[in-house]
A.B. asks: 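Sending over a structure as structure tokens; questions will come in a sec.
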Amino acid sequence: MSENSENSGNSGNSENSGNSGNSGNSENSDDTEAPGTPTPPAAPPGTPPGPQPEPIRFFGTTWVDHDGGYGLRRAGVAIGSLAAAVAACFVLRFAFQGLEIAEVGSLVGMLVIAMFAICSAVAFRKTWEGFGSRPKDPAREDALRGLKSIGFIGSLLAYFFRSLIEAPGEKLRRTEYESARAQFEKRRSTRTGNPAARKRPKRR
């Protein structure tokens, strides 16, 4: 009788210890997984390995193969930028008429017109250059941001004329993308190569 009671007691203790150990492990496992941890997004199927094309505003990556409504997007950007430039000219005309009504003087009016003309010319040039090359001095570009904002009509006209040729910035991104793809293919072919041509380690 005493042996049976001892065995039952031991089995009860072992079960309790096992249950407590299992509960402790489950608690630890729950603690290790932080709640709300975002899972990394899976790569879209069919994506080729290597460098990916850089998307362009309003065009995405349709410039690579000229698909996905590429022509319609170009037409939309051209019409939209031209319409915005024309609307901005009307707004500036109303502002100039307001200066005439206020009788601030012809000199002030000429200075305002000259300021907008110069800012628009600079904005057009810098925007057009940005379609073909990366800025060499980012600090200078940041300093000219306010001036380009004043001459935003020039930037809109640059988008209009560039859209008649290609997607704004397409040539630059295509050159960079093709160069990156060529380097990637070269490195991959160098790594794989011909297995028979690889040097085998000498046996001792």
Side-chain angles (χ1 to χ4, degrees), residues 38-96 112-192:
T39 57
T47 302
Q52 301 301 319
E54 180 182 355
I56 299 178
R57 183 183 298 177
F58 306 123
F59 290 89
T61 57
T62 59
W63 58 268
V64 179
D65 298 322
H66 291 180
D67 56 357
Y70 170 81
L72 294 177
R73 291 170 187 259
R74 274 182 56 188
V77 171
I79 296 173
S81 58
L82 182 60
V86 172
C89 289
F90 277 107
V91 172
L92 291 179
R93 178 178 175 82
F94 293 148
F96 183 73
V112 171
I113 294 176
M115 179 190 67
F116 276 103
I118 294 173
C119 292
S120 297
V122 174
F124 179 89
R125 179 184 175 184
K126 300 304 293 184
T127 304
W128 188 269
E129 291 177 352
F131 295 148
S133 61
R134 300 287 183 180
K136 298 180 180 179
D137 190 359
R140 183 180 180 185
E141 293 295 325
D142 293 338
L144 293 175
R145 185 174 299 175
L147 190 145
K148 291 170 65 177
S149 300
I150 298 174
F152 63 97
I153 296 178
S155 298
L156 293 173
L157 292 177
Y159 267 91
F160 167 71
F161 287 112
R162 195 71 179 191
S163 298
L164 300 178
I165 305 172
E166 62 174 7
E170 176 183 348
K171 183 178 180 181
L172 172 63
R173 285 164 177 79
R174 187 177 297 278
T175 302
E176 294 176 347
Y177 175 62
E178 291 178 352
S179 177
R181 291 292 304 178
Q183 294 178 2
F184 173 76
E185 294 295 339
K186 183 178 180 180
R187 290 195 301 268
R188 186 170 64 174
S189 61
T190 302
R191 287 197 300 266
T192 56

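Just so you know, residue 1 is the first one in the sequence shown, and it goes up from there. No hydrogens, no waters, no symmetry mates; every other heavy atom, side chains included, goes into these values.
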A.B. asks: Output all residues satisfying side-chain hydrogen bond (donor to acceptor under 3.5 Å, both in side chains) with Glu54, sequence neighbours left out; order by chain, then residue number.
C.D. replies: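 Checked Glu54 against side-chain hydrogen bond (donor to acceptor under 3.5 Å, both in side chains); matches are Arg134.
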A.B. asks: Under the rule for side-chain hydrogen bond (donor to acceptor under 3.5 Å, both in side chains), what residues qualify as partners of Ser155, not counting sequence neighbours?
C.D. replies: Thr127
A.B. asks: In chain order, what residues pass the side chain to side chain contact (heavy atoms under 4.5 Å, CB included) check against Asp142, with sequence neighbours excluded?
C.D. replies: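 With sequence neighbours excluded, Asp142 shows a side chain to side chain contact (heavy atoms under 4.5 Å, CB included) to Arg145, given in chain and number order.
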A.B. asks: State, to 0.1 Å, how close Phe131 and Pro168 come at their nearest heavy-atom pair, and which atoms those are.
C.D. replies: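 Minimum heavy-atom separation between Phe131 and Pro168: CE2-CB, 3.5 Å.
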A.B. asks: With sequence neighbours left out, write down each residue that passes ring-ring contact (aromatic ring centres under 6.0 Å, His included) with Phe116, or none if nothing qualifies.
C.D. replies: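 Phe116 satisfies ring-ring contact (aromatic ring centres under 6.0 Å, His included) with no other residue.
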A.B. asks: Assign the ring pair Phe59 / Tyr70 to parallel, tilted or perpendicular, where the plane angle (0 to 90°) is split at 30° and 60°.
C.D. replies: tilted
A.B. asks: Once salt bridge (Lys or Arg N to Asp or Glu O under 4.0 Å) is applied, what residue pairs with a partner in residues 113-131 remain, sequence neighbours excluded?
C.D. replies: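 Only Arg125-Glu129, Lys126-Glu129, Lys126-Glu141 qualify under salt bridge (Lys or Arg N to Asp or Glu O under 4.0 Å).
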A.B. asks: On a heavy-atom basis, which atom in Val77 and which in Ser163 lie closest, and how many Å separate them?
C.D. replies: CG1-OG, 3.1 Å
A.B. asks: Which atoms form the tightest heavy-atom contact between Leu147 and Cys119, and what is the distance?
C.D. replies: O-CB, 3.7 Å
A.B. asks: Give, for atom CZ of Phe184 and atom OG of Ser189, the distance between the pair rounded to the nearest 0.5 Å.
C.D. replies: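 So the CZ of Phe184 and the OG of Ser189 are separated by 10.0 Å.
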A.B. asks: Can you tell me if Arg140 uses its side chain to pair, donor with acceptor, with the backbone of Pro135 under 3.5 Å?
C.D. replies: no
A.B. asks: Determine the interplanar angle of the Phe90 and Phe94 rings, folded into 0 to 90°, and report it as parallel if under 30°, tilted if 30 to 60°, perpendicular if over 60°.
C.D. replies: tilted
A.B. asks: By side chain to side chain contact (heavy atoms under 4.5 Å, CB included), which residues pair with Arg174, not counting sequence neighbours?
C.D. replies: Trp63, His66, Glu170, Glu178
A.B. asks: Provide the full list of salt bridge (Lys or Arg N to Asp or Glu O under 4.0 Å) pairs with a residue in residues 55-67, sequence neighbours left out, each pair given once.
C.D. replies: none
A.B. asks: Applying side chain to side chain contact (heavy atoms under 4.5 Å, CB included), name anything that partners Ala88, two or more places apart in sequence or on another chain.
C.D. replies: Phe152, Ile153
A.B. asks: Would you give the length of the straight line joining atom CD1 of Ile79 to atom CZ of Arg74, rounded to the nearest 0.5 angstrom?
C.D. replies: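 Output value for this atom pair is 12.0 Å.
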A.B. asks: With sequence neighbours excluded, tell me which residues meet side chain to side chain contact (heavy atoms under 4.5 Å, CB included) with Phe96.
C.D. replies: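 Scan of Phe96 (side chain to side chain contact (heavy atoms under 4.5 Å, CB included), adjacent residues dropped) gives Glu100, Ile113.
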A.B. asks: First locate atom CG of Leu82, then atom CG of Leu157, and finally report the distance between them rounded to the nearest 0.5 Å.
C.D. replies: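 Here the interatomic distance stands at 7.5 Å.
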A.B. asks: With heavy-atom distances below 4.5 Å as the criterion, would you say the side chains of Phe161 and Ser81 are in contact?
C.D. replies: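 Side-chain contact under 4.5 Å: no.
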A.B. asks: Identify, with sequence neighbours excluded, every residue that meets side-chain hydrogen bond (donor to acceptor under 3.5 Å, both in side chains) alongside Arg162.
C.D. replies: Glu166
A.B. asks: Can you tell me if Leu164 has over 12 outside heavy atoms packed within less than 6.0 Å of its CG?
C.D. replies: yes
A.B. asks: Output yes when a side-chain donor or acceptor of Ser179 lies under 3.5 Å from a complementary backbone atom of Thr175, and no otherwise.
C.D. replies: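 Checking the backbone N and O of Thr175 against the side chain of Ser179, no donor-acceptor pair under 3.5 Å is found.
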